[in-house]
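Quick note on labels: first sequence line is chain A, next is B, and so on, each numbered from 1. Only a predicted model underlies this, so the values are computations on that prediction, with no experimental measurement involved.
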Number of protein chains: 2
Amino acid sequence: MILLMASRAPSHDTWTIAQIAAEFGVTHRTVRHYEELGLISPERRGTARVYRRRDRTRLALILRGKRLGFPLEEIRTIIDLYDAPRGKTSQLEYAISQARIRRVELEARRRDLDDALAELAAFEASCRADLDSSGLRT
Amino acid sequence: MILLMASRAPSHDTWTIAQIAAEFGVTHRTVRHYEELGLISPERRGTARVYRRRDRTRLALILRGKRLGFPLEEIRTIIDLYDAPRGKTSQLEYAISQARIRRVELEARRRDLDDALAELAAFEASCRADLDSSGLRT
DNA sequence: CTTTACGTTGACGTAAGCGTCAAGCGCCGG
DNA sequence: CCGGCGCTTGACGCTTACGTCAACGTAAAG
């Protein structure tokens, strides 16, 4: 049970835009678009973008947010929350309040998701019942 | 435990576009847009649209699909699946296979959602820990 | 009979999220 | 030195999901 492989061991510590795009299954245009919107901000070596682990983490968060149906601007505020400075008490309290808001939102979506799954399971069962009965009579 | 109230008892059996839109918190333009894409197809009384319970059900499915981030075209195929004729065996088998595809997709999103919730909870806990320790030292 | 309210069909506008050129720069092998 | 490959920056295009007029019909209300 401890046979979990390290999922995608990072063989480098920097990546080019092509490597990042290929690995995450998006185009370089998409990556640049996220940068234009301020969701990621890679370093530069000369004019070329250099991506580090931090950028990969953020990109993973972006894509997951997209799969969950969040707009990019909202995704930006969410992942900025994770990376925000947390020095002062007021900042910590703000972060916690924002996290609570996000949690409530995510829990609502989870209810939607569970409802959809339940309906789908019922539908599937109903189809199977029809299939069995028609099969038995044939 | 049998105290479940009928949620939103339907006081009519037909509705106007304005009533439907207001009840679901969308504009009439949105409702018409869904009709243009074939997601709902209300009856007509003269030229005016008349919405029945079936349309309300479909609209609820549409909006939930949207909250889960599905494009309208995909939502159409999903709810059409629910309403599709299920007479012949081949149709039943097709419906079941499609339902399985949807279920796999929804389960994947649920993993995303649970991951996001777990990370958010960890973040919140971390913030609270920082807040407590700074509070204790003050 | 006219106003008012609510409905209708176009048709164009717009924001988000990229796709798709076009044109240029920098480095590396031959 | 020169081609090619990979990277760069625009800039325009396209699809989705509506918003927003405009112009008109119709039915009840005054």
> How long is the span from the CD1 atom in I75(B) to the CZ atom in R64(B), to the nearest 0.5 Å?
10.0 Å

> How long is the line joining CD of E35(B) and C1' of dG7(C), in whole Å?
13 Å

> Rounding to a whole Å, what distance do you find between R32(A):CZ and dT9(D):C1'?
6 Å

> Expressed in angstrom and rounded to an integer, what is the separation of R45(A) atom CZ from dC27(C) atom C1'?
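Atom-to-atom, R45(A) to dC27(C), this comes out as 14 Å.
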
> Hey, is D83(A) close enough to R54(A) for a salt bridge, meaning N to O under 4.0 Å?
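Judged by the 4.0 Å cut-off on N to carboxylate O distance, D83(A) and R54(A) do form a salt bridge.
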
> To the nearest angstrom, how far is E36(A) atom CD from dT9(D) atom P?
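In whole Å, dT9(D) P lies 9 Å from E36(A) CD.
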
> With the side chain counted from C-beta on, respond yes when R58(B) and S41(B) share a heavy-atom pair under 4.5 Å apart, and no when they do not.
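No. Closest side-chain heavy atoms not under 4.5 Å.
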
> Could you please name the option among dG17(C), dG19(C), dG7(C) that lies closest to any side-chain atom of A18(B)?
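Out of dG17(C), dG19(C), dG7(C), the nucleotide with an atom closest to A18(B)'s side chain is dG7(C).
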
> Between dA17(D), dC7(D), dC18(C), which nucleotide has the shortest distance from any of its atoms to the side chain of K66(B)?
dA17(D)

> What is the distance from CD1 of I20(A) to P of dG6(D), rounded to the nearest Å?
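Nearest whole value for this atom pair: 17 Å.
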
> Is it the case that the base of dT20(D) and the side chain of R29(B) share a donor-acceptor contact (distance under 3.5 Å, atom types as modelled)?
yes

> I17(A) side chain: which of dG17(C), dT8(D), dT8(C) is closest?
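Side chain of I17(A) sits closest to dT8(D).
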
> Below 4.0 angstrom from OP1 or OP2 of dG26(C), is there any side-chain N or O of T47(A)?
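It does not, given that no N or O in the side chain of T47(A) lies less than 4.0 Å from OP1 or OP2 of dG26(C).
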
> Return no unless some side-chain N or O of T27(B) is found under 4.0 Å from OP1 or OP2 of dG19(D).
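Yes, within the criterion.
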
> If I take atom CD in residue E43(B) and atom P in nucleotide dT8(C), what distance separates them, rounded to the nearest angstrom?
14 Å

> Checking all strands, does R44(A) fall into the base, sugar-phosphate, or nothing category for heavy-atom contacts under 4.0 angstrom?
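Contact class for R44(A): sugar-phosphate only.
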
> A48(A) side chain: which of dT8(D), dT9(C), dG19(C) is closest?
dT8(D)

> For the pair made of OH in Y51(A) and C1' in dG6(D), what is the distance, rounded to whole Å?
13 Å

> Assess whether a salt bridge exists between R86(B) and D130(A), defined as any Lys/Arg side-chain N lying under 4.0 Å from an Asp/Glu carboxylate O.
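Counted as a salt bridge, because a side-chain N and a carboxylate O are separated by less than 4.0 Å.
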
> Expressed as a whole number of angstroms, how long is the span from H28(A):NE2 to dC21(C):P?
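So the NE2-P distance, H28(A) to dC21(C), works out to 12 Å.
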
> If you check every side-chain atom of R49(B), which of dG7(C), dT8(C), dG19(D) has the closest atom?
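The closest nucleotide is dT8(C).
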
> Please figure out whether V50(A) or H33(B) has its closest DNA chain D nucleotide nearer the 5' end.
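The residue mapped nearer the 5' terminus is V50(A).
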
> Taking 4.0 Å as the cut-off, does a side-chain nitrogen or oxygen of Y34(A) come that near to OP1 or OP2 on dC18(C)?
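True: Y34(A) side-chain N/O within range (under 4.0 Å) of dC18(C) OP1/OP2.
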
> Closer than 4.0 Å, any side-chain N/O of T16(B) to the OP1 or OP2 of dC6(C)?
no

> Find out whether the Lys NZ or Arg CZ of R56(A) is both under 6.0 angstrom from the six-membered ring centre of W15(A) and within 45° of the ring's axis.
yes

